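Input: a single structure, listed below in structure tokens.
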Amino acid sequence: MSEVLGFEDTEGLDDGNAIGEMKGAPSGDKVRAPRPPRARNPFNPLKPAPNTQEFYDKIEDRFNHERDIRLAYRPEGRDQFIYDVGEELEKDPHAPEWTVREPYADHMEAICIGGGFSGLLAAARMRERGLTNIRIIDRGADVGGTWYWNRYPGIACDTPSYDYIPLLDELKYVPKSYFAQGPEIWEHCRKIAREYNLYEMAVFQTTVTKTHWDEGKKVWHVETDRGDKMTADYVVVANGTLSKPKLSRIAGMDKFQGHSFHTSRFDYEYTGQDLSGLKDKVVGIIGTGATAVQIISRVAAACKHLYVFQRTPSAIDIRDDGPTDPEWAADLKPGWQRERRMEHMKGAFITEEEKVEISKLPRDEKIRRQKNLNIEHMLRIHRRIEEVVEDPETAEVLKPWYMHRCKRPTFDDVFLPTFNRDNVTLVHTDGKGITEINEKGPVYDGTEFELDTLIYATGFAVQRTGIYNDIRGIGGLELNEKYKDGMRTVFGVHSQGYPNLFIMGGYQANFQFNLTFMLQTQAEYIADVVQYTRENGHKSIDPTDNTEQWWVDEVVKNRARTDRNKQCTPGYYNFEGEAQRNQDGNYNGSFEQYYQHMQTLKQGMTQFFNFG
Ligand code: NDP
């Protein structure tokens, strides 16, 4: 069912966000009871697409053409970006105080490297299973990860908050609105840390630099940039999936004489909390991805003039946010959030009769029909732009010409109207992007755009395990060295030769549009495995060779089932258009399969793991 729909070949239509039919104007603040976790699939191939095949083929030709333009401009793939953006752009604007402390040299039952949702969830679940000494280590000055760092104006989640924010049931909290705002989510992260007593041993403003296994003592030696030399029985590598800011490699960037920063380090000291510091400023934003879509309207309303430098437009769907329906919230029964997750795992809703009918379709026919429905979806996105954006030329270049979900779909009701403002100029670079910046600002097509402020909304390094950190397992082999001929893991979580080490949010795990669905599943699995190991008197657990080989085979088997990756416009979903990377990507079996495989391994621990 999901073969042509999304991230790296496959992805069920699972976010609860895809709105099947065009709805009316946003409803203001009407209450919003969450839709059931299993939406009816608007991409059901039994539903006839209204146009001729020739019509869809022509649109696909345009998709291919737009992709080729972009690939030609950036043949270097992921190397087009700078991943070490420098201290100045990476420094923490939220915590100017640098806390002085003595280095630690103590022993923990578990260390979580990172205090975002991954680290918090793993720590919370291990705490529930009886671990007492758990330390979170984070570069930030508090927990929260993404929600600690990203505080730009307009920040909010773009998946339903009742599913996105974890541990709601446990903490007896129901989010205020359908799409929670950043500060509410960050506060929830802090609440998790308080409720599970995770602050007590946490260390902040600290970067783990070494994680080395001691096979004799069966412990991990963990060292940091603060001179700490700690040990731990278990280590959870929870450094996040999109946590390291990246910049496009643009000639002359360092010459710019105005003020610049990356979206994940939003500089309120410069702009003022209410952005009033921008009122006499000419601002430029490079990038139009999910982050920029949230920021642009807010900055436009506050600054003198805004230039938006666009390389590829985002697909902007209806947001239609609203406060949580209090009656629905009052009616929730214990276990409600887990039930939603389990229900979501089954995929989009299709009746038994429809399943039978779909199974009768030849594979190519099914794919063809789904593609056509995908195209219809994108045309609906185009029509909305035409309806909202007054200047036809601007409307035209805001249209995304790629298949649904080649890039992360966004949901926003104020982004498009922003382009009707007199103080906003869209600089569409037609796939080329900004390639030159001088003292005054970006230069495109011979025009120099003089700016006071330049905001980089150019995204993050993707799913990089162990950033800043040198991870060495049995025999001293560094983890990336082990991966050099292809990643080798079990569930993306274990890697053989790295006992008692668990990786969260990395490759070879399932990908979910709502990332926390996956993180919750991993955290529960990790905590169960740790509990089993401890309760059975073992000091270490490591997958067998066979188990690792089985998972690598399973990942490879489920990848490249269609050529969707090659068809998509470049972006981080398809490794910026690099050739299919076989085992170095996500597990494209279903989320339910991923979960079931975990249950199977937990039921046969001695068969699948070596214990020490
Ligand atoms: P992205 O990587 O998605 O977007 C980067 C943007 O910068 C793209 O539009 C890219 O264009 C553009 N760009 C890069 N180089 C240049 C250049 N030289 N000139 C012009 N444009 C350029 O990063 P984001 O920070 O927007 O989003 C990253 C992810 O963060 C999202 O996909 C999402 O997963 C997450 N996110 C989640 C939110 C949520 O609510 N849950 C909200 C915001 C972000 P091109 O497309 O051509 O590469």
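Residue numbers count from 1 along this sequence. Remember, it's 1-based here, ligands and their atoms both numbered in the order they're listed. All of these numbers come straight from a predicted model, not from anything done at the bench. Only this structure's heavy atoms are used, side chains among them; waters, hydrogens and symmetry mates stay out.
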query = Would you call Arg249-Glu76 a salt bridge at under 4.0 Å N-O?
reply = no
key: Trp401 and His382 aromatic ring geometry - parallel, tilted or perpendicular at 30°/60° bounds   = perpendicular
query = Do Asp413 and Arg319 meet the salt-bridge criterion of a basic N to acidic O distance under 4.0 Å?
reply = no
request  = May I ask whether His428 has any heavy atom positioned less than 4.0 angstrom from an atom of ligand 1?
outcome  = no
key: Arg464 NZ/CZ over Tyr468 ring centroid, <6.0 Å and within 45° of normal   = no
remark   = Per-atom filter on ligand 1: closer than 4.0 angstrom to a heavy atom of Gln294 are 40 (O), 42 (C)
ask   = Is a salt bridge present between Arg67 and Glu60, judged by a nitrogen-to-oxygen distance below 4.0 Å?
value = no
message = Show the atoms of ligand 1 that are less than 4.0 angstrom away from any heavy atom in Ala156.
response = 39 (C), 40 (O)
task = Measure Lys407 to ligand 1 on non-hydrogen atoms and call it side chain, backbone, both or neither using the 4.0 Å cut-off.
result = side chain
Electrostatic pair Arg139-Asp92, nearest N-O below 4.0 angstrom = no
ask   = Is the Lys NZ or Arg CZ of Arg151 less than 6.0 Å from the centre of Tyr268's six-membered ring, within 45° of the axis?
value = no
message = Among all protein heavy atoms in this structure, tell me which lies nearest to atom 27 (O) of ligand 1, with the distance rounded to 0.1 Å.
response = Thr291 OG1, 3.6 Å
key: Closest protein heavy atom (residue, atom, distance) for atom 11 (O) of ligand 1   = Arg311 NE, 3.5 Å
query = Side chain, backbone, both or neither: which part of Leu242 comes within less than 4.0 Å of ligand 1 when only heavy atoms are counted?
reply = side chain
message = Under 4.0 Å from a heavy atom of Ala290: which atoms of ligand 1 are those, numbered in the order shown and with their elements?
response = 26 (O), 31 (C), 43 (C), 44 (C)
key: Close approach, Tyr152 and ligand 1, non-hydrogen under 4.0 angstrom   = yes
ask   = Under 4.0 Å from any heavy atom of Ala457, which atoms of ligand 1 are there?
value = 5 (C), 6 (C), 7 (O)
Numbered atoms of ligand 1 (with element) below 4.0 Å of Thr312, judged on heavy atoms = 45 (P), 46 (O), 47 (O)
ask   = Under 6.0 Å between the ring centres of Phe117 and Tyr164?
value = yes
task = Report the part of Lys432 in contact with ligand 1, treating N, CA, C, O as backbone and CB onward as side chain, heavy atoms under 4.0 Å; options are side chain, backbone, both, neither.
result = neither
query = For atom 4 (O) of ligand 1, which candidate among Gly571, Gly433, Pro245, Gly289 holds the nearest heavy atom?
reply = Gly289
request  = Decide, yes or no, whether a salt bridge links Asp142 with Arg190 under the criterion of side-chain N to carboxylate O below 4.0 Å.
outcome  = yes
request  = List every atom of ligand 1 that sits less than 4.0 Å from any heavy atom of Thr458, numbering the atoms from 1 in the order shown and giving each element.
outcome  = 5 (C), 7 (O), 14 (C), 15 (N)
Proximal ligand 1 atoms for Tyr572, defined as those under 4.0 Å from one of its heavy atoms = 2 (O), 3 (O), 29 (C), 31 (C), 32 (O), 33 (C), 34 (O)
query = Should Gln310 be listed as contacting ligand 1, given a heavy-atom distance under 4.0 Å as the test?
reply = no
ask   = Is Arg70 in polar range of ligand 1, meaning some N or O pair under 3.5 Å apart?
value = no
key: Shortest protein contact, atom 41 (N) of ligand 1 (heavy atom only)   = Asp158 OD1, 2.9 Å
message = What I want to find out is whether Arg338 reaches Glu524 closely enough, with some N-O distance under 4.0 Å, to be called a salt bridge.
response = yes
key: atom 9 (O) of ligand 1: the protein heavy-atom neighbour that sits closest, reported with distance to 0.1 Å   = Thr288 N, 3.0 Å
